[in-house]
Amino acid sequence: MLDIQLLRNDLEGTAQRLKGRGFELDVARFQELEQERKGVQMRTQELQAKRNQSSKQIGIAKSKGEDVAAIMAEVANLGDELKAAEEKLAYIQSHLNDLLMTIPNLPHESVPLGKSEEDNVEVRRVGTPRTFDFAVKDHVDLGESLKQLDFETAVKISGARFSVMKGQLARLHRALAQFMLDTHTAEHGYTEVYVPYLVNAESMRGTGQLPKFEADLFSVQKNENEKLYLIPTAEVPVTNIVRDAIIAAEDLPLKFVSHTPCFRSEAGSYGRDTRGMIRQHQFDKVELVQIVAPEQSYAALETLLGHAETILKKLELPYRVMALCSGDMGFSAAKTYDIEVWLPAQNTYREISSCSNFEAFQARRMQARYRNEKNKPELAHTLNGSGLAVGRTLVAILENYQNADGSVAIPAALRPYMGGMENITLED
RNA sequence: GGAGAGAUGGCCGAGUGGUCGAAGGCGCUCCCCUGCUAAGGGAGUAUACGGGCUUAAACCUGUAUCGAGGGUUCGAAUCCCUCUCUCUCCGCCA
């Protein structure tokens with residue numbers, strides 16, 4: 001959520017900046033609502049002040065045993081107008097709030113301007129894609145011929161965009177998550193957290209998934225009038241740890257890492273990546289979350305990005321870092337880097353991590369604050385990044401480490417998690 | 001699932017219809033005292049939003065907020081209704 005003051009003070013300028021990320025702010029509607037709000041709010045408060053004063057006088061008079069009939073009569077006809085004014089104010093404010101909740105974050109000044117993926121800027125490339133002296137298979141062919149990846153059974157159990165893994169491959173999947181968690185806790189100073197996978201609507205609003213993106217979420221009915229949502233990323237429960245909290249300055253930065261499944265209905269993406277594990281309704285991810293003081297958030301974004309990159313370096317997977325352009329960033333982000341891993345079978349780099357600074361956008365929705373030097377509560381900045389998406393990392397390992405005979409070498413960093421095993425081989 | 005108790009500021013805790021945004025304590029900030037430390041004395045110390053003033057802050061002023069929402073009333077932390085959560089006991093369960 002943007003600071004409403006920003007819209008009041010510089011509506012045109014803000015609208016212009018939002019245009020840069022492809023969002024058309026309804027300036028006229030905001031102005032209209034805001035003007036109406038001002039008038040109604042002033043009138044409401046005026047009436048409330050009058051009522052409060054009269055009521056106070058009634059109290060004083062009664063305690064002195066005086067007659068209060070005159071004051072009572074005076075205040076009596078305030079009631080209807082006050083009630084109407086209060087209702088109208090609530091109505092206007094809820095509309096203003098609805099409008100505010102659907103406005104995306106402003107891009108940071110360092111974000112390249114652009115309309116789509118095409119305009120993202122490559123920041124660096126690390127590692128060299130391996131050259132193969134045989135025809136590469138994609139992860140689906142590899143996994144299926146190893147008899148450890150089974151989409152047909154997944155379809156039977158659940159439907160499209162799910163997968164079943166077995167044997168060594170299932171273990172490798174588990175090993176990856178363990179390896180990532182261990183690296184971030186032992187080497188990068190993150191605190192591991194275990195969090196709910198079902199969250200309430202308030203949490204989804206806090207990080208920005210609601211109200212705008214309900215269609216992308218799975219939900220379950222908790223009771224007649226309450227829904228719970230399956231988390232699309234650990235970002236939601238982990239960031240909401242600090243919702244409605246005031247954190248002591250000395251406790252910042254907070255650094256959490258969490259391994260969770262993620263559930264996405266991905267409505268609107270039908271037809272994209274229908275084959276394989278790239279785009280699934282359910283996948284595992286290790287997520288990094290930081291809560292920091294505002295002046296530190298951009299430095300924190302760089303280090304968080306580095307933490308995610310460390311995993312790829314240790315796994316010796318070639319990747320590149322992209323700075324997303326204004327038009328390609330997510331709703332809540334002020335700045336985002338994507339890490340893309342090399343996939344030989346697709347002969348291209350594919351997203352495996354997304355690291356963002358949200359500045360105060362989520363914190364404002366969540367009322368997540370800390371005490372600054374003046375001991376005043378101030379909105380914190382929130383960041384997160386995948387460190388990494390486990391399923392896609394598995395895909396990258398299969399494809400990059402494949403051998404001519406269809407077996408797959410296990411990266412050295414993972415072997416301790418695989419009982420010393422060096423290759424994934426055919427299993428029955 | 002059954003029975004009971006509860007939810008008040010950063011924390012503890014008083015407050016059952018009126019000058020209550022809320023006693024008292026702890027904590028914190030500033031000042032005084034003290035050779036240092038400890039102890040002591042004094043003052044201050046919620047948040048959000050509106051309006052005024054302002055480059056901004058500070059400040060002044062108003063409104064709202066005592067788990068959430070609704071109701072009664074001129075007036076609600078206090079009374080009524082609904083909901084949520086927490087705790088205790090019982091049952092069940094991994």
Side-chain angles (χ1 to χ4, degrees), chain A residues 1-10 13 30-31 33-101 194 196-206 221-229 237 240-252 254 291 294-295 360 363-380:
Chain A
M1 189 160 69
L2 296 181
D3 187 349
I4 195 166
Q5 299 295 353
L6 192 63
L7 294 170
R8 288 187 185 134
N9 294 336
D10 185 18
F30 179 81
Q31 272 173 328
L33 278 170
E34 178 58 13
Q35 199 183 344
E36 209 179 348
R37 186 227 99 226
K38 194 164 171 173
V40 175
Q41 180 163 0
M42 284 171 72
R43 180 62 182 152
T44 305
Q45 294 191 348
E46 188 187 320
L47 291 168
Q48 285 169 330
K50 211 181 276 183
R51 180 205 59 198
N52 289 348
Q53 210 180 354
S54 298
S55 295
K56 200 175 256 187
Q57 278 169 1
I58 291 171
I60 295 168
K62 272 200 167 172
S63 71
K64 289 182 187 158
E66 292 168 8
D67 180 47
V68 294
I71 319 173
M72 294 273 272
E74 199 180 299
V75 81
N77 30 21
L78 235 66
D80 287 345
E81 192 189 349
L82 179 57
K83 195 171 180 189
E86 281 175 340
E87 278 168 8
K88 187 159 187 201
L89 181 62
Y91 179 79
I92 295 166
Q93 275 178 333
S94 82
H95 279 278
L96 255 180
N97 194 48
D98 289 350
L99 179 64
L100 212 56
M101 289 292 271
Y194 172 85
Y197 304 155
L198 292 168
V199 302
N200 55 34
E202 200 43 57
S203 293
M204 285 292 185
R205 268 194 289 276
Q221 207 68 33
K222 185 187 180 191
N223 54 45
E224 270 176 43
N225 36 34
E226 207 181 341
K227 261 186 192 176
L228 287 177
Y229 295 86
N240 273 280
I241 287 173
V242 296
R243 171 151 55 88
D244 293 321
I246 300 177
I247 303 150
E250 61 265 27
D251 291 339
L252 293 182
L254 294 176
I291 316 294
E295 57 276 13
R364 188 171 290 111
R365 290 170 162 242
M366 290 190 299
Q367 283 304 298
R369 295 172 294 175
Y370 76 104
R371 288 198 185 274
N372 63 20
E373 320 75 55
K374 291 181 218 147
N375 211 31
K376 282 280 163 203
E378 183 180 336
L379 295 171

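Numbered from 1 within each chain, the chains take letters A, B, ... in sequence-line order.
- If you take atom C1' in B:A46 and the same atom in B:A3, they sit 38 Å apart, rounded to whole Å.
- Within the nucleic acid shown, A:Ser63 comes within 4.0 Å of at least one base atom, counting heavy atoms only.
- When all heavy atoms are compared, the tightest approach of A:Glu202 to A:Asn240 is O-OD1, 4.4 Å.
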Stepwise side chain to side chain contact (heavy atoms under 4.5 Å, CB included) check, A:Asp3 with A:Leu379: CA-CA 11 Å; A:Asp3 187 349; A:Leu379 295 171; over 6 Å; no
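- Across all strands shown, the partner of B:G62 is B:C49, judged by Watson-Crick or G-U wobble contacts whose two distances both fall under 3.5 Å.
- The separation between A:Ile4 atom CD1 and B:C49 atom P is 10 Å, rounded to whole Å.
- When the C1' atom is used for both B:A14 and B:U72, the distance is 26 Å, rounded to whole Å.
- To the nearest whole angstrom, the two P atoms, one in B:U19 and one in B:G75, are 14 Å apart.
- Using a 4.0 Å heavy-atom distance criterion, A:Arg43 is classed as making no nucleic acid contact.
- Rounded to the nearest Å, the gap between the C1' atom of B:A77 and that of B:C20 is 9 Å.
- The partner of B:C28, taking Watson-Crick or G-U wobble pairs whose two distances both stay under 3.5 Å, is B:G44.
- The gap from the C1' atom of B:C79 to that of B:C60 amounts to 37 Å, rounded to the nearest Å.
- Rounded to a whole Å, the NZ atom of A:Lys227 is 19 Å from the C1' atom of B:C83.
- Ranking B:C49, B:C74, B:U19 by closeness to the A:Gln45 side chain, first place goes to B:C49.
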Stepwise, does the side chain to side chain contact (heavy atoms under 4.5 Å, CB included) test hold for A:Val40 with A:Ile92? CA-CA 9 Å; A:Val40 175; A:Ile92 295 166; 3.8 Å; yes
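- The environment of A:Gln35 atom CD is sparse: at most 12 non-hydrogen atoms of other residues, nucleotides or ligands sit within 6.0 angstrom.
- Only the P atoms considered, B:U61 is 32 Å distant from B:G71, to the nearest whole Å.
- Look at A:Asn52 and you won't find any side-chain N or O under 4.0 angstrom from OP1 or OP2 of B:U19.
- One finds no side-chain N or O of A:Arg371 lying less than 4.0 angstrom from the OP1 or OP2 phosphate oxygen of B:U45.
- The interatomic distance linking A:Lys83 (NZ) with B:U63 (P) rounds to 21 Å, in whole Å.
- Side chains of A:Ile291 and A:Ile241 form no contact here, defined as non-hydrogen atoms less than 4.5 Å apart.
- In this structure, of B:C74, B:C85, B:U63, it is B:C85 that holds the atom nearest to the side chain of A:Lys222.
- Using C1' as the reference atom, B:A5 and B:G18 are 30 Å apart when rounded to the nearest Å.
- Nucleic acid contact class of A:Lys56 (heavy atoms, under 4.0 Å, all strands): sugar-phosphate only.
- Nucleotides of RNA chain B nearest to A:Lys50 and A:Gly59 differ in position, and the one nearer the 5' end is that of A:Gly59.
- At a cut-off of 3.5 Å, with distance as the only test, a side-chain donor of A:Ser203 or A:Asn200 sits close to an acceptor on the other residue.
- Note on A:Arg51: a side-chain N or O is less than 4.0 Å away from OP1 or OP2 of B:A64.
- Taking atom CG on A:Leu82 and atom C1' on B:U73, their separation rounds to 13 Å, with Å as the unit.
- Separation of the C1' atoms belonging to B:G25 and B:U8 is 15 Å when rounded to the nearest angstrom.
- Among B:G51, B:G62, B:G18, the nucleotide with an atom closest to any side-chain atom of A:Ala49 is B:G62.
- Taking a pair to require two hydrogen-bonding distances under 3.5 Å in either a Watson-Crick or a G-U wobble arrangement, B:U19 remains unpaired.
- Using a distance-only test at 3.5 Å, with no hydrogens or angles considered, a donor-acceptor pair links the side chain of A:Arg365 to the main chain of A:Met101.
- For the pair A:Arg37 and A:Glu34, the salt-bridge criterion is met [side-chain N within less than 4.0 Å of a carboxylate O].
- At the phosphate of B:U47, OP1 or OP2 sits under 4.0 Å from a side-chain N or O atom of A:Lys376.
- Using a 4.0 Å heavy-atom criterion, one finds that A:Gln5 contacts the sugar-phosphate atoms exclusively.
- In this structure, B:A39 makes no Watson-Crick or G-U wobble pair, since no nucleotide meets both defining distances under 3.5 angstrom.
- Comparing B:G51, B:U19, B:A48 by their nearest atom to the side chain of A:Arg369 picks out B:A48.
- Atom C1' of nucleotide B:C74 and atom CD of A:Gln48 are separated by 14 Å, given to the nearest angstrom.
- Across all strands shown, B:U78 forms no Watson-Crick or G-U wobble pair with both key distances under 3.5 Å.
- For the pair A:Asn200 CG and B:C83 C1', the interatomic distance rounds to 15 Å; values are reported in whole Å.
- Under the Watson-Crick or G-U wobble criterion, with both distances below 3.5 Å, B:A5 is paired with B:U86.
- Between the NZ atom of A:Lys62 and the C1' atom of B:G18 there is a distance of 9 Å, rounded to whole Å.
- Where A:Met72 and A:Gln41 each meet RNA chain B at their nearest nucleotide, the meeting point lying more 5' is that of A:Gln41.
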